[in-house]
2 protein chains.
Amino acid sequence: MAQSVANTVLVESGRDRILDEAAALFLRHGYEGASLRQLADTVGMKAGSLYYHFASKDDLLTEILRRGIDVMQTAFDDAEAASADARPVARVEAHVRAHLSALFENGPYTAAHVMTFRTAPETVREVVVPLRDAYEARWTEMLRLLQADGALDPTVDVNVIRLVLFGAMNASVEWFDTDRGNLDRFAAAITGQFWNGVGA
Amino acid sequence: MAQSVANTVLVESGRDRILDEAAALFLRHGYEGASLRQLADTVGMKAGSLYYHFASKDDLLTEILRRGIDVMQTAFDDAEAASADARPVARVEAHVRAHLSALFENGPYTAAHVMTFRTAPETVREVVVPLRDAYEARWTEMLRLLQADGALDPTVDVNVIRLVLFGAMNASVEWFDTDRGNLDRFAAAITGQFWNGVGA
DNA sequence: TTGCCTACCTAACGAACGTTAGGTAGGGTG
DNA sequence: CACCCTACCTAACGTTCGTTAGGTAGGCAA
């Protein structure tokens with residue numbers, strides 16, 4: 001019982017376990033490429049039983065995408081609180097580190113989100129789009145303020161540099177290995193490249 | 001007959017037409033999300049007839065991924081020839097512009113490649129990986145030489161900045177609209193951000 | 001004219017898919 | 001002890017999937 005309690009904590013069971021494994025599967029094989037029977041196998045139940053927890057496969061994806069954004073928003077909150085009156089470049093680095101934390105250190109939801117959203121069924125995307133927009137708006141607003149304060153090159157398009165930065169960070173899901181690289185250093189590198197460029 | 005010849009040129013038929021539409025479908029819905037019947041419908045034939053041109057769906061994907069790399073390589077060749085003795089930043093911009101050209105101006109193959117490769121079946125990936133590596137190696141080598149010549153910040157990891165740059169460019173498939181934006185200006189913007197950064 | 005090759009078609013196969021209906025073991029509550 | 005609710009199970013439904021076998025119209029060659 002002590003062990004069963006420990007197990008419940010170490011590897012969760014039930015609904016959260018399903019979401020975790022589903023997000024990992026969707027990330028690896030894509031949404032349509034992962035089947036519910038495959039998912040049921042990895043969580044140790046039968047495909048039909050998944051419907052006790054979720055109304056449909058689309059529903060499952062919707063909640064995963066939603067959680068992905070929740071994780072990003074929470075990370076953004078933390079970065080905001082921690083770097084509210086830091087220097088501009090330090091503010092950016094804090095938020096870059098936070099976004100990377102969402103991608104790599106808080107479950108597979110954010111990674112699954114950024115990788116599966118584009119090909120998700122339109123009915124699912126419709127539900128999630130406003131949440132995405134809200135998160136993106138916070139980034140845009142932060143960068144806009146930095147530019148208004150003269151900390152950012154006034155000639156750049158804030159939306160473009162945000163999308164370029166997002167592309168770079170999100171793509172790292174495909175190649176960055178947390179076992180071999182350090183996220184603090186990576187955040188510093190990507191921020192340095194973003195802020196100062198790589199030209200000598 | 002004059003018209004049929006014109007049609008053959010304007011909207012191609014047969015094998016190339018299938019590949020074109022398949023790449024576009026895989027790009028939009030993902031590889032597993034797009035069905036052969038859907039593909040057959042858009043090219044105006046029956047699903048079984050596709051097998052006159054391709055041995056399997058995996059085979060179709062393999063050729064699309066291969067073409068995606070061919071397009072990139074050709075673009076790289078052109079950029080190399082056109083900017084062989086240009087200033088470092090102009091060399092980089094030429095290659096950025098070339099990669100964007102591969103993504104947006106030479107059919108859906110490169111875009112389909114960068115978006116579907118990650119979730120492609122392992123047997124398909126195995127075939128394509130060496131080709132990808134060869135293309136990536138050319139970029140790495142170019143950046144390495146720039147760094148050796150003192151044109152690039154000696155402290156940065158060439159492989160990391162390449163992956164960051166690739167992530168930014170490839171992700172633009174998701175948001176950049178060639179009808180509303182100019183690729184020359186976009187290439188200049190992304191190169192400027194890459195080379196000089198956005199800090200004021 | 002005969003014959004062949006190209007480029008399709010029709011029709012179906014078995015497997016896998018998401019999904020559902022109805023059943024059941026077991027712990028918690030009255 | 002009786003009851004019920006949670007968390008599954010079994011078993012199947014109808015659909016769609018990739019794929020295949022066999023047929024065929026039309027153009028080109030001999």
Side-chain angles (χ1 to χ4, degrees), chain A residues 1-5 7-9 11-23 25-26 28-65 116 119-125 127, chain B residues 1-5 7-9 11-23 25-26 28-65 116 119-125 127:
Chain A
M1 12 210 81
Q3 193 188 3
S4 100
V5 169
N7 280 345
T8 308
V9 174
V11 336
E12 57 205 342
S13 69
R15 191 182 153 84
D16 280 342
R17 174 82 199 291
I18 295 172
L19 283 163
D20 262 37
E21 300 290 354
L25 276 176
F26 293 168
R28 214 178 314 274
H29 301 110
Y31 174 58
E32 315 267 3
S35 77
L36 292 182
R37 283 176 176 83
Q38 195 178 1
L39 170 59
D41 272 2
T42 76
V43 302
M45 56 172 67
K46 297 308 167 88
S49 306
L50 297 170
Y51 284 79
Y52 174 76
H53 298 284
F54 304 96
S56 69
K57 196 189 181 188
D58 278 12
D59 231 62
L60 182 55
L61 176 61
T62 303
E63 178 146 353
I64 286 171
L65 296 182
T116 65
T119 55
E122 216 170 299
T123 56
V124 173
R125 281 215 310 274
V127 177
Chain B
M1 14 211 79
Q3 192 188 4
S4 101
V5 169
N7 279 345
T8 307
V9 173
V11 336
E12 56 205 342
S13 70
R15 191 182 153 84
D16 279 342
R17 174 83 200 290
I18 295 172
L19 283 162
D20 262 37
E21 300 289 354
L25 276 176
F26 293 169
R28 213 179 313 274
H29 302 110
Y31 175 58
E32 316 267 2
S35 77
L36 292 182
R37 283 175 176 83
Q38 195 177 0
L39 171 59
D41 273 1
T42 76
V43 301
M45 54 171 68
K46 297 308 167 90
S49 306
L50 297 170
Y51 283 79
Y52 174 77
H53 297 284
F54 303 96
S56 68
K57 195 189 182 189
D58 278 13
D59 231 61
L60 182 55
L61 176 61
T62 303
E63 178 147 352
I64 287 171
L65 296 182
T116 65
T119 56
E122 217 169 302
T123 56
V124 173
R125 280 215 311 275
V127 177

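Considering only heavy atoms from C-beta on, B:Glu63 comes within 4.5 Å of B:Arg15 through its side chain.
The distance from atom CZ of A:Phe54 to atom P of C:dT19 is 13 Å, rounded to the nearest whole Å. Spacing between atom NZ of B:Lys57 and atom P of C:dC17 amounts to 13 Å, rounded to whole angstrom units. Between the CZ atom of B:Arg37 and the P atom of C:dC17 there is a distance of 16 Å, given to the nearest Å. If you measure from atom CD of B:Gln38 to atom P of D:dC17, you get 8 Å, rounded to the nearest angstrom.
Contacts with DNA chain C (heavy atom under 4.0 Å) in residues 39-53 of chain A: A:Gly48, A:Tyr51, listed by number.
Side-chain contact check for B:Tyr31 and B:Asp58: at least one donor-acceptor pair (N or O, by modelled atom type) lies under 3.5 Å.
The nearest pair of heavy atoms linking B:Phe26 to B:Leu61 is CD1-CD1, 3.9 Å.
A search for side chain to side chain donor-acceptor pair (under 3.5 Å) contacts involving A:Glu32 returns nothing, not counting sequence neighbours.
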Using residues 35-46 of chain A as the side-chain source, report each donor-acceptor pair under 3.5 Å to any protein atom, sequence neighbours left out, with the distance given to one decimal.
residue	atom	partner	partner atom	Å
A:Ser35	OG	A:Gln38	N	3.0
A:Gln38	OE1	A:Ser35	N	3.3
A:Thr42	OG1	A:Leu39	O	3.0

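A sub-4.0 Å separation between OP1 or OP2 of D:dT16 and a side-chain N or O of B:Ser35 is absent.
Atoms CG and CZ, on B:Leu65 and B:Arg125 in that order, are 10.5 Å from each other to the nearest 0.5 Å.
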